[in-house]
Each structure stands twice: as structure tokens, then as C-alpha cells.
Undergrad: 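One structure, pasted below without further comment.
Just so we're on the same page: letters track the sequence lines, and every chain starts at 1. Quick caveat: nothing in here was measured; it's all calculated off a predicted structure.
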Amino acid sequence: MKKQAPYFEQVYEITRAIPYGRVSTYGAIADYLALGSARMVGWALRNALLWQDDIPAHRVVNRNGELTGRMHFDTPETMQALLESEGTRVENNQVVLFREKFWHPEALDHA
DNA sequence: GACCTGACGCCCC
DNA sequence: AGGGGCGCCAGGT
């Protein structure tokens, strides 16, 4: 098992903090870290799937609430299945009531 | 140390 | 509504 790059670990930490039943976005995470870019968050999460199994990577979607990363799971339906198993409904490849489910990492500062 | 690659986001037709 | 261009920037070669 290879040692993870520091940047990846920071992304993992934020992702683990996403509450059950909520979702966040690539942009929000990149924003909060003030490091890297939205694009790199996705890259890091792909790594997370390969190396870690304790990261709720399915809770990260793009800014429209779309499951753009679903093809990186075991099967293209896995991401949606995981979300629905925790009460997050998905229709037409998009999180239903995305705006209400959205969680921004800055909530960590408040807490 | 240059070059390539990305689970994005934004702007422009 | 849909498609293309480009900035983004850490890590792996």
C-alpha cells in the first residue's frame, strides 16, 4: 500500500466529514481547501476509491448535483445505489433536492 | 524540470 | 439546449 500524497489526504479528510445523507461538490471542497482546483478534487477521489474504502466518495457531485463520477465505481450504478441507500434520491443522474442536501465544508468552521 | 493528465467550472457562441 | 475552449494545479513519468 503506497503512501498517499498530502494533497489527497486533505481531500479525504473533508470528504469523510460530509454528513450521512448529505452531499457536497468538487468546487466547494476545492474552495474550502484554498488549494488545488475542483478538477483535482475529483482526481483525488478517484485515488481514494482505489486506495481507501472508508471514504464516502459518492457524496461528492458536481455543482449541478449530477453524478459525474459514477463511472469510476465498480459499476455505473453503484454511486446512485449508495446515495439512495442513505436516503438521497437520484433521478436522471442528478440528486433530487440538491440544494437542500448540499453541505459546504465551511460548516466545519462553525462547528 | 518539462510535459501530460484529470470524478470540474465558467464563459462564449 | 447543447457544444467547444480554456484555466485550473498537484503528481506521476
Undergrad: Between B:dT5 atom P and A:Leu45 atom CG, what is the distance in whole Å?
TA: 21 Å
Undergrad: Can a donor-acceptor pair be found between the side chains of A:Gln80 and A:His58 at a distance below 3.5 Å?
TA: no
Undergrad: Look at all strands and tell whether A:Leu67 reaches a base, only sugar-phosphate, or nothing, counting heavy atoms closer than 4.0 Å.
TA: nothing
Undergrad: Find the distance A:Tyr7:OH to C:dC8:C1' and express it as a whole number of Å.
TA: 10 Å
Undergrad: Whole Å only: how far is the CZ atom of A:Phe8 from the C1' atom of B:dG6?
TA: 10 Å
Undergrad: Could you tell me whether A:Met71 contacts a base, only the sugar-phosphate backbone, or nothing, with contacts defined as non-hydrogen atoms closer than 4.0 Å?
TA: nothing
Undergrad: Rounding to an integer number of Å, can you tell me how far A:Asn64 CG sits from C:dG2 C1'?
TA: 14 Å
Undergrad: Take A:Ile18 and A:Val23 through the side chain to side chain contact (heavy atoms under 4.5 Å, CB included) test and state the conclusion after the steps.
TA: CA-CA 7 Å; A:Ile18 302 174; A:Val23 296; 5.7 Å; no
Undergrad: Does the side chain of A:Leu67 reach to within under 4.5 Å of the side chain of A:Asn62, using non-hydrogen atoms?
TA: no
Undergrad: Whole angstroms only, please: what is the CG-C1' distance between A:Asn47 and C:dC9?
TA: 15 Å
Undergrad: Separation of A:Glu9 atom CD from C:dA10 atom C1', in whole Å?
TA: 14 Å
Undergrad: If you measure from the C1' atom in B:dA7 to the same atom in C:dT13, how many Å do you get, rounded?
TA: 22 Å
Undergrad: Count the heavy atoms belonging to other residues, nucleotides or ligands that lie under 6.0 Å from CG of A:Asn92, then report whether that count exceeds 12.
TA: no
Undergrad: Measure from CD on A:Gln10 to C1' on C:dC9 and round the result to the nearest Å.
TA: 14 Å
Undergrad: Which nucleotide wins on minimum distance to the side chain of A:Arg63, given the candidates B:dC10, B:dA7, C:dA10?
TA: B:dC10
Undergrad: Centres of the A:Trp43 and A:Phe8 rings: under 6.0 Å?
TA: yes
Undergrad: In whole angstroms, how far is the P atom of B:dC8 from the CZ atom of A:Arg70?
TA: 12 Å
Undergrad: Is A:Arg70 close to A:Thr78 at the side-chain level, that is, under 4.5 Å between some pair of heavy atoms?
TA: no
Undergrad: So if I take every side-chain heavy atom of A:Arg46 and compare against C:dG11, B:dG9, B:dA7, which nucleotide ends up nearest?
TA: B:dA7
Undergrad: Does any residue of residues 19-43 of chain A have a heavy atom under 4.0 Å from DNA chain B, and if so, which ones, in number order?
TA: A:Tyr26, A:Gly27, A:Ala38, A:Arg39, A:Met40, A:Gly42
Undergrad: Do the non-hydrogen side-chain atoms of A:Phe98 and A:Thr88 ever get within less than 4.5 Å of each other?
TA: no
